[in-house]
Number of protein chains: 2
Amino acid sequence: MSAPLFSVPAKSWVEIPDESDFSLHNLPYAVARLPKGGSIVVVAVGNNALNLSRLFKKGYFPGLNANKNPFRSTSLNSFIALGRPAWTYVRQRILDVLDEQSDELKNRKDVEKFLIHQQLLTFLLPVNIGNYTDFYSSMEHASNVGKMFRPDGDALLPNWKHIPVGYHGRASSIVVSGYPIRRPKGQTLPDGTDQPVFGPCRLLDFELEMAFIVGQPNTMGDSVSVDRAEEHIFGMTIFNDWSARDIQKWEYVPLGPFLAKNFASSMSPWVVTMDALQPFRTEAPAQHPEVLPYLKEKQRGTYDIQLFVDLKPGQHRPVTICRSNFKYLYWTMAQQLAHHTVGGCNMQVGDVCASGTISGPTEDSFGSMLELSWKGTKPLVLEGGIERKFLQDGDVVVMRAFCEKEGIRVGFGSVETEILPAH
Amino acid sequence: MSAPLFSVPAKSWVEIPDESDFSLHNLPYAVARLPKGGSIVVVAVGNNALNLSRLFKKGYFPGLNANKNPFRSTSLNSFIALGRPAWTYVRQRILDVLDEQSDELKNRKDVEKFLIHQQLLTFLLPVNIGNYTDFYSSMEHASNVGKMFRPDGDALLPNWKHIPVGYHGRASSIVVSGYPIRRPKGQTLPDGTDQPVFGPCRLLDFELEMAFIVGQPNTMGDSVSVDRAEEHIFGMTIFNDWSARDIQKWEYVPLGPFLAKNFASSMSPWVVTMDALQPFRTEAPAQHPEVLPYLKEKQRGTYDIQLFVDLKPGQHRPVTICRSNFKYLYWTMAQQLAHHTVGGCNMQVGDVCASGTISGPTEDSFGSMLELSWKGTKPLVLEGGIERKFLQDGDVVVMRAFCEKEGIRVGFGSVETEILPAH
């Protein structure tokens with residue numbers, strides 16, 4: 001994808017703190033409920049959110065070819081469905097409106113009324129998700145799992161370096177940051193027995209992931225070429241793929257994880273667009289052996305996105321337990337999407353594809369408790385001597401992500417979730 | 001579920017052929033596009049379809065608590081979401097209207113105008129499917145697969161008799177009967193090599209399944225008890241879970257089938273309600289070992305639904321290649337739904353759960369080419385000496401299903417699909 005040329009103003013008349021995830025270079029989208037009711041699409045500007053519905057109604061998007069107000073909605077889907085020309089146009093218009101030097105400065109008083117502090121908003125899931133797919137694209141994560149569960153075999157399965165392995169997940173139970181999740185119950189097989197038991201999951205885990213949101217559909221029976229694939233992506237979020245390890249172990253052969261995953265996944269409210277991520281494009285890991293032609297990219301690349309997991313154990317202070325990076329992933333989003341559609345599977349606007357756990361090469365970059373505590377054999381020691389092998393009720397998991405380069409910061413905010421005890 | 005007491009009239013003023021799937025006892029729902037445009041909900045009556053939207057507008061459902069016409073729609077979801085009292089009420093009203101002895105006979109001329117021959121309609125997918133799950137509930141099918149692929153091991157995996165094994169599938173590529181499907185391309189691993197190749201699937205297969213449609217949602221974090229589970233089901237359809245066996249073999253370890261399934265699934269247009277199926281309730285297979293309490297049914301039961309697969313090879317005559325029955329399934333729909341939700345997964349109106357391939361005990365009751373041709377080692381010999389191990393381009397697969405007992409017939413119609421060559 002060649003990056004559109006956006007001229008980002010040097011300064012906005014809206015105050016943006018230096019350390020803000022939401023600089024003028026970012027302008028991520030979210031969907032929020034207003035204090036007095038009604039759901040709208042907003043764009044983050046520093047600590048504020050800009051109400052695009054009001055901007056639309058005031059005629060700030062004269063070039064937008066929309067019959068209805070696409071920003072008066074409970075999801076981004078209507079806006080995304082307008083297509084890339086609309087995404088580009090709206091982004092440029094917002095930059096114009098926020099520019100301190102803008103000719104529209106006379107309208108500042110007007111637009112100021114459309115700014116609302118983010119803390120006054122209730123964020124919703126940003127998209128109406130038709131289908132959700134989870135990949136398994138971190139070599140470090142797949143190798144760690146292999147070493148733990150198949151100590152005598154190869155760390156990677158034979159197909160792993162040929163296929164961006166993925167599986168279909170449950171869309172209905174994806175929730176937004178702040179929504180507490182309940183420890184699931186299910187069947188597990190106690191070690192050394194052949195009689196499963198039923199009860200609350202004992203090995204509850206997070207998985208540090210990023211997700212992309214499909215912006216351009218493809219027709220059933222057609223496929224998306226790997227070199228055009230990023231054009232089909234609208235943007236990205238942080239994604240926490242909650243996992244019940246003990247349930248998964250007993251259920252997943254031969255058809256994959258089911259109840260171990262479908263009780264909940266959590267997503268950050270802000271969707272950072274691919275346009276905003278272009279300055280952070282970087283090399284993706286080299287691939288050996290060579291991949292099949294349909295997965296071979298002319299200009300292979302990924303994004304340098306720093307990732308963090310903070311664990312807040314009950315009433316204690318949060319501790320950063322993982323520092324990873326999106327760029328470690330062996331398979332790129334373009335390869336994931338090309339593979340997903342190569343058999344003719346139709347992707348729809350709002351579909352979500354998550355990356356799989358993003359682990360890095362070092363022990364402090366592993367993206368799950370399973371790996372950080374090495375299957376529970378090396379408990380994490382947190383502040384005050386508190387230990388964790390897996391997650392406990394009352395724990396809060398916070399995932400954060402941002403890009404930073406040459407003084408430009410483009411962040412994703414966070415996805416923050418408390419664990420409630422099983423019913 | 002205790003069956004509501006519907007008084008089915010002895011005869012209707014609408015002509016219904018004796019052999020029709022769509023007797024007065026049935027009254028299945030579908031969504032169709034009218035010849036002059038517009039999509040509506042219809043009910044089958046013999047060879048005709050009754051336009052419920054027109055009936056609604058004419059005031060035939062005065063007790064229906066709906067702000068908008070739920071039958072003027074591209075899916076059944078709005079009607080289903082009105083809940084069981086609405087389903088019961090509408091069914092009874094339709095029976096009243098169709099009754100030859102009805103007091104409303106004076107309205108026959110009125111209602112006659114709302115009947116349209118089914119051949120004039122274009123049927124759509126009956127529901128807007130939020131999420132699709134596929135189970136694996138036939139012991140005969142799972143055993144056959146085990147015998148073929150693990151000849152030295154147990155036919156069934158250790159978890160199979162404890163868990164109604166299932167996995168999440170792709171909702172976007174589910175299409176209605178009549179929609180041709182294209183042979184997928186994908187990666188496969190030729191025997192005896194370690195280098196995958198890319199190309200059209202060579203082992204394309206059908207899977208004879210039935211699906212149920214969720215009619216009553218449950219909240220995330222809550223579960224549906226096995227004894228209440230059938231109350232959450234609106235009705236059933238025939239379901240063809242297309243499968244690319246060679247793609248599946250290479251991709252499915254460890255996270256399950258992905259491209260092997262997500263290129264297409266096919267569904268019959270008519271949804272037969274659970275109310276219509278009550279006369280055909282029958283015993284389900286005994287379960288040994290005993291299942292865990294959350295799967296134990298007070299009144300275990302299933303439905304006696306006769307199933308057929310016809311294969312029409314290219315220009316040749318169709319041949320029935322499989323005769324099976326829904327009642328063979330080891331796990332009931334109630335158990336599937338109780339298991340699906342036991343960890344708190346939220347089901348939504350319109351969600352589809354398919355049964356998995358329904359194979360019976362005899363060789364002519366196997367529900368896939370994989371089993372019928374025993375992995376291609378015993379080609380099926382059709383009329384004129386034509387042979388098939390798996391499906392070829394131009395083949396048409398027709399699945400049919402009906403219940404019949406004491407002169408009462410309740411049928412599902414068919415799902416009929418042609419296979420197009422790969423792009």
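Note on naming: letters A, B, ... go to the chains in the order of the sequence lines (proteins, then strands), and numbering restarts at 1 for each one.
B:F198 places none of its side-chain heavy atoms less than 4.5 Å from the side chain of A:L295. Counting heavy atoms from C-beta outward, B:Y252 and A:P254 have side chains that approach closer than 4.5 Å. Residues B:D194 and A:P158 form no side-chain contact, since every pair of their non-hydrogen atoms from C-beta on lies 4.5 Å or further apart. Contact check for A:K185 versus B:Y294: no side-chain heavy atoms found under the 4.5 Å cut-off. Side-chain contact between A:Q187 and B:N159 is absent, with no heavy-atom pair separated by less than 4.5 Å. Side-chain contact between B:F258 and A:F135 is present, with heavy atoms from C-beta onward closer than 4.5 Å.
For A:V197, the part lying near chain B is the backbone, with the side chain staying farther off; criterion is any non-hydrogen pair under 4.5 Å. For A:L255, the parts sitting under 4.5 Å from any heavy atom of chain B are the backbone and the side chain alike. Looking at A:V165, only its side chain comes within 4.5 Å of chain B, counting heavy atoms on both sides.
Interface check for chain A: of the options B:G344, B:A260, B:C345, the most heavy-atom pairs under 4.5 Å are formed by B:C345. Interface check for chain A: of the options B:L420, B:D351, B:N128, B:I181, the most heavy-atom pairs under 4.5 Å are formed by B:D351. Of all the listed residues (A:H340, A:R182, A:E251, A:Q348), the one sharing the greatest number of non-hydrogen pairs under 4.5 Å with chain B is A:H340. Looking only at heavy-atom pairs under 4.5 Å with chain B, the residue among A:A244, A:G256, A:G186 that has the most is A:G256. Ranked by non-hydrogen atom pairs under 4.5 Å with chain A, the options B:G130, B:P257, B:G169, B:A264 are led by B:G169. Ranking A:R183, A:K261, A:H423 against chain B, the residue ahead of the rest is A:H423, based on heavy-atom pairs under 4.5 Å. Most heavy-atom pairs under 4.5 Å with chain B: of the set A:C201, A:G343, A:A422, A:P184, this distinction falls to A:G343.
Going from atom OG1 of B:T133 over to atom CG of A:N262 covers 7.5 Å, rounded to the nearest 0.5 Å. Going from atom CD1 of A:I163 over to atom CD1 of B:I247 covers 9.5 Å, rounded to the nearest 0.5 Å. Atoms OG and CE, from B:S173 and A:M347 in turn, are 10.5 Å apart once rounded to the nearest 0.5 Å. If you take NE2 on B:H168 and CG on A:D134, they are separated by 11.0 Å, rounding to the nearest 0.5 Å.
Atom CZ of B:R228 is surrounded by 12 or fewer heavy atoms from other residues, nucleotides or ligands within 6.0 Å. No more than 12 heavy atoms of other residues, nucleotides or ligands shown are found within 6.0 angstrom of NZ on B:K249. More than 12 heavy atoms of other shown residues, nucleotides or ligands fall within 6.0 angstrom of atom NZ in B:K375. Around atom CG of B:D393, more than 12 heavy atoms belonging to other residues, nucleotides or ligands sit under 6.0 Å away.
Between the side chain of B:S172 and the backbone N or O of A:N346 there is at least one donor-acceptor pair closer than 3.5 Å. In this structure, B:N131 contributes its side chain and A:R170 its backbone to no donor-acceptor pair below 3.5 Å.
Residues of residues 215-224 of chain B lying under 4.5 angstrom from chain A, judged on non-hydrogen atoms, are B:M220, B:G221, B:D222 in numerical order.
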